[in-house]
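Everything on this sheet refers to the single structure shown next.
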Amino acid sequence: MMKPTAKMDTVFYDHTPAYENEDCDIRIHEKDISVSYNDHGMVIYRGKDEGHGHFILECPERNGKASLHQIQHCKFLEGFWIEDGKKGFWRITLS
């Protein structure tokens with residue numbers, strides 16, 4: 001069971017209602033990042049810092065690709081995602 005370190009809002013570009021204020025765990029270590037959350041089972045996106053707080057992530061189990069951007073010393077990360085043909089954006093607030 002994960003211990004939440006952040007809250008996540010997920011917005012869909014179709015008519016799916018947004019998921020708001022959901023628990024997630026985010027780990028950033030040097031250039032590596034992982035974001036995990038429960039969505040009918042554990043989902044884990046992993047990636048790298050491509051430079052200046054611009055992260056590119058993947059979740060092969062869900063055919064997912066995502067980006068997250070963080071301004072230095074800011075407690076928010078924001079980006080876009082695509083997963084099995086669905087698209088949207090997400091915002092993560094660090095605890």
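All values below come from the heavy atoms of this structure, side chains included, with hydrogens, waters and symmetry mates left out.
R46 CZ: 12 or fewer foreign heavy atoms inside a 6.0 Å radius. Annotation for K65: atom NZ does not count as buried by contact number, only 12 or fewer foreign heavy atoms lying within 6.0 Å.
Taken from NZ in K86 to CZ in R62, the straight-line distance is 10.0 Å, to the nearest 0.5 Å. The structure places CZ of F76 at 12.0 Å from CD1 of I92, a figure rounded to the nearest 0.5 Å.
Taking the charged nitrogens against the carboxylate oxygens, K48 and D32 do have a contact shorter than 4.0 Å, which makes a salt bridge. A salt bridge between D14 and K87 is absent, with no side-chain N of the basic residue lying under 4.0 Å from a carboxylate O of the acidic one.
A centroid separation of less than 6.0 Å is found between the aromatic rings of W90 and Y45. Taking the six-membered ring where the residue is Trp, the centroids of W81 and Y13 are separated by 6.0 Å or more. Aromatic ring centres of F89 and F12 lie farther apart than the 6.0 Å criterion allows.
In summary, of the residues considered (I44, L57, D25, L77), a side-chain contact (heavy atoms from CB on, under 4.5 Å) with V35 occurs for L57 alone. When S36, C24, C59 are each tested for a side-chain contact (heavy atoms from CB on, under 4.5 Å) with V43, only one passes: C59.
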Test side-chain contact (heavy atoms from CB on, under 4.5 Å) on H54 and H69 and set out the steps. CA-CA 5 Å; H54 175 74; H69 308 275; 2.5 Å; yes

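Formation of a donor-acceptor pair under 3.5 Å by the S67 side chain with backbone atoms of I56 is not found in this model.
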